[in-house]
Amino acid sequence: MSLLPRTAEEFSSAEYWERFFKKRGEKAFEWYGDYNKLCGVLHKYIKTQDKVLVVGCGNSELSEQLYDVGYKHLTNIDISETVVTHMNQRNAERRPGLTFQQVDATQTPYEDASYQAALDKGTLDAMASEEEGALAKNMLTEVGRVLSVGGRYVCVTLAQESVIKLAVEQFVQLGWAVRLHCLQEESGKDEDSFALPVFVLVCTKFRQPMPTPILEMCLGEDGAPNRLSQVADLLTAVRERQAYSVLRKRLRTGTDASSNLSLTLSHAKTGLPRYTLTVQDSPPGAKVPRSNLFAIFIVPQGSETAWLYSSSEGRRQLAASANFRRLVIVAMHRNQEYTDMQAVQSELSPMVMDLAPPGMPDNQQVPFLSVGGDLGWREVVSRGVSELSGEYCVENVRGEDGELYRRLVFLSNAALVQSESRLVSLNNASSHKKKNKKKAKTTAPPTTSSTSLSVDSGFLCCAHHEIMVAGLTMLGVGMPQNKDVPVSVLLVGLGGGGLPQFLRDFVPGVAVEVVELDPAVPEVAKAWFGFRPDDCLTVTLGDGLERICALEKEGGRFFDVIMFDVDNKDSTLGMSCPPAAFVETPILQKVRSLLTPKGVFILNLVCRDSALRKSVLERVSAVFPTILSRKIEGEVNEVLLCSGGENETSEAARILPTLNQAAKNLQSALFSNRTGDKRSPHIDIAELLKDLKVA
């Protein structure tokens, strides 16, 4: 199976190419390659007996080299009289049949259909910047006129986006077939080597225009053509190859422990992402054995979102543990099949040396590392489309603890697990242990089918959900004086339903209303996550903000606890939970007005922007003077437990010492409320609260 790099950078920018040519001046055209680099693809499309028009020949040696190997019917044209005179003098004795003529390529004197090929090395690139592309269009029109049916325009180019778009669109409109070859240079290991690939554009004239565009991309001179459906796809493929070449050059000429360079390798035929590779270098001064230059680490399927593999800090820790100068961390994509570790290694090996650090010998063997020597296990059990959130999938995975888990993932943000629940066999539900108990590693699929697995409602996979439950201690849930006192909860954000179901199943006297914006989510929760609404657990479909405003307007209804556990769809902000509108002062004031006098507001906050986090805390504290915070190790999440005490410092300081006994009472209450076939709650309230701090 062949793989295509898939990255994106600034190669569609006109400013980039302007800087490129300005910096390199006339020397830029040396990088288009000589005969030795281009001969393979030129011989493929131009026969020695063809009449060939070489447009904008300049003083390049290419025509001379082609003449020497048998191409005797070359007509070289250039608009510069000086160049033409010089080239005729240079070849008068050695190559008497090689002629150079002073001709404007946009207005040639040649008859229609008089040439079988037109060869262009850099001329299109140079002309496209003149007169807003008008000169280049005129030249291409003239080329089309003088070429016979079956004739080919063969253009050596650096493939600036504006240039390729101009040429390809013009020939597609004429019904010609378009093929683009990417010729990658050997990996230069010095700073002065050229990073960008050279492309050869081949456009073939048909007697009858093609009704459907033929657009193809090939890697190398003999690479199998990859058919593309539209011009935009071809331009994207070009940008990806250019970006990959720059990345490749950067990796081969230097190291940078602070950067997180990554690229995605896609299946060559389907174009679907197959692997994502992230490069992690060891920091300067790290004591790395001389033999440990380079290694590849394969992330187990289903573990891609784990902190160790998905965060910069986690990857640095992984690299430090592996103790190699450079570690490439490979994540596998869903909707792809992987046979075994050996097959993955064979598939990736051809590209490995492209990512090697400076000084790496070409013949040195590169070790492949993994957890337990296997690929992990993943099974997609359902797919669907939400009108609000787009495509989603439900998948079963085997965790590194050996347990089975079910996840909901929205593919618009495939790196984020929306919801997760632990699975147990219906025949062996009682035998499962707590999640921190390690099991033997295995990639074998479970012996039971998806239909014989059920969700363990007593197990909360998300640490922030556990802390939100533990926050009920601030309300005094489980205290003797509160026995038989009902607890009302308003939760914004359903997900797979694990948190509200845990509350309903284990908190005495609780009534939970969940507000969920996306109508598809409750259906997925019911079908795949064992979610069972009833009189004590209801779902209101709609916008959480609108529901809060409506409740306040109605009046007369109050909650002991209001929880926000809703993600932000706007990835441009530094806060992924909650959406910014949920922590604006007017909404926070409405939340407080809906709480009982001793009520608690619990917020799951995920904010990477320190300034934004400070602003959020200031707004929350202005409404809720008492705030306790619990950060989650290895994650960005922190849970804020907020109440309306009058003196924030003294009130928070007073509450903290009382939580130990409250934690014991809540723990006891959760277990004592278990009845019938409910599984035991797997939670340690005291442990969760011990790192609480005054925010």
Side-chain angles (χ1 to χ4, degrees), residues 26 29-128 135-136 138-158 167 171 176 179-181 183 198-205 221:
E26 294 182 0
F29 295 94
E30 296 176 5
W31 282 299
Y32 282 76
D34 58 11
Y35 172 78
N36 291 327
K37 178 176 180 177
L38 301 172
C39 62
V41 70
L42 295 184
H43 290 317
K44 185 173 184 174
Y45 294 106
I46 304 175
K47 300 180 178 66
T48 54
Q49 65 269 26
D50 285 347
K51 283 187 64 179
V52 183
L53 179 65
V54 183
V55 295
C57 60
N59 57 9
S60 169
E61 297 178 355
L62 182 59
S63 290
E64 296 165 329
Q65 293 164 327
L66 287 170
Y67 185 89
D68 291 343
V69 297
Y71 288 86
K72 305 300 184 184
H73 309 289
L74 303 175
T75 302
N76 300 277
I77 63 173
D78 198 283
I79 201 169
S80 168
E81 181 181 3
T82 302
V83 165
V84 168
T85 301
H86 170 70
M87 294 302 288
N88 278 322
Q89 292 174 349
R90 193 165 87 181
N91 290 281
E93 293 185 9
R94 290 188 58 192
R95 303 176 184 91
L98 186 61
T99 60
F100 295 82
Q101 302 173 17
Q102 183 185 0
V103 173
D104 183 346
T106 66
Q107 301 177 35
T108 71
Y110 312 116
E111 295 181 0
D112 294 355
S114 55
Y115 288 91
Q116 286 79 51
L119 178 58
D120 173 348
K121 181 185 173 186
T123 302
L124 177 66
D125 290 1
M127 295 183 72
L135 279 180
N138 292 339
M139 182 195 75
L140 295 177
T141 299
E142 190 68 0
V143 164
R145 182 185 69 80
V146 302
L147 282 177
S148 60
V149 172
R152 293 186 171 105
Y153 170 59
V154 181
C155 175
V156 184
T157 172
L158 292 182
F171 286 118
W176 293 30
R179 178 177 290 178
L180 192 63
H181 286 263
L183 306 182
V198 171
F199 292 83
V200 179
L201 176 66
V202 182
C203 303
T204 305
K205 184 176 183 178
E221 59 189 45

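Quick note: residue numbers are just sequence positions, from 1. These figures come from a predicted structure and were not determined experimentally.
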H181 vs Y45 side-chain heavy atoms within contact, under 4.5 Å: yes

Heavy-atom pair with the smallest gap, counting every atom of T99 and L74: OG1-O, 3.9 Å

Value rounded to 0.5 Å, distance of CD in E64 from CG in L98: 6.5 Å

CA sep, side-chain torsions, deciding dist, call: T157, L124, side-chain contact (heavy atoms from CB on, under 4.5 Å): CA-CA 8 Å; T157 172; L124 177 66; 5.6 Å; no

ring-ring contact (aromatic ring centres under 6.0 Å, His included) involving F171 - partner list, sequence neighbours excluded: Y153, W176

Flag side-chain contact, heavy atom, 4.5 Å: N91 against Y67: no

Heavy-atom neighbours of K72 NZ exceed 12 at 6.0 Å: yes

Spacing of R152 atom CZ and L147 atom CG [to the nearest 0.5 Å]: 11.0 Å

Intermediate values then yes/no, side-chain contact (heavy atoms from CB on, under 4.5 Å), N138 and Q107: CA-CA 8 Å; N138 292 339; Q107 301 177 35; over 6 Å; no

Derivation of the side-chain contact (heavy atoms from CB on, under 4.5 Å) call for Y110 and I77: CA-CA 11 Å; Y110 312 116; I77 63 173; 3.2 Å; yes

Inter-residue atom distance L62.CG - C39.SG, 0.5 Å rounding: 10.0 Å

Any donor-acceptor N or O pair under 3.5 Å, side chains T106, D104: yes

Shortest non-hydrogen contact from M139 toward D120: CE-OD2, 3.6 Å

Closest non-hydrogen atom pair, M87 against S60: CE-O, 3.7 Å

side-chain contact (heavy atoms from CB on, under 4.5 Å) partner of V52, the single match among T75, V154, L119, L66: L119

Which atom of N76 lies closest to which atom of C57, heavy atoms considered: CB-SG, 3.8 Å

Exercise: identify the closest heavy-atom pair between K121 and D34: NZ-CA, 4.5 Å

Non-hydrogen atoms of G150 and T204 that approach each other most closely: O-CG2, 4.1 Å

Approximate separation, where rounding is to 0.5 Å, of Q101 CD and N88 CG: 8.5 Å

Distance in Å, Q102 CD paired with I79 CD1, rounded so as to fall on 0.5 Å steps: 7.5 Å

S148 side-chain N/O to S114 backbone N/O, donor-acceptor pair under 3.5 Å: no

T48 side-chain N/O to G70 backbone N/O, donor-acceptor pair under 3.5 Å: no

H43: partners by ring-ring contact (aromatic ring centres under 6.0 Å, His included), with sequence neighbours left out: Y35, Y71

Short side-chain to backbone donor-acceptor contact, D125 and G122, under 3.5 Å: no

Distance-only polar pair, side chains of R145 and T108, donor-acceptor under 3.5 Å: yes

Atom pair NZ/CD of K44 and E221 - distance to nearest 0.5 Å: 8.0 Å

Worked verdict on L183 versus V156 for side-chain contact (heavy atoms from CB on, under 4.5 Å): CA-CA 10 Å; L183 306 182; V156 184; over 6 Å; no

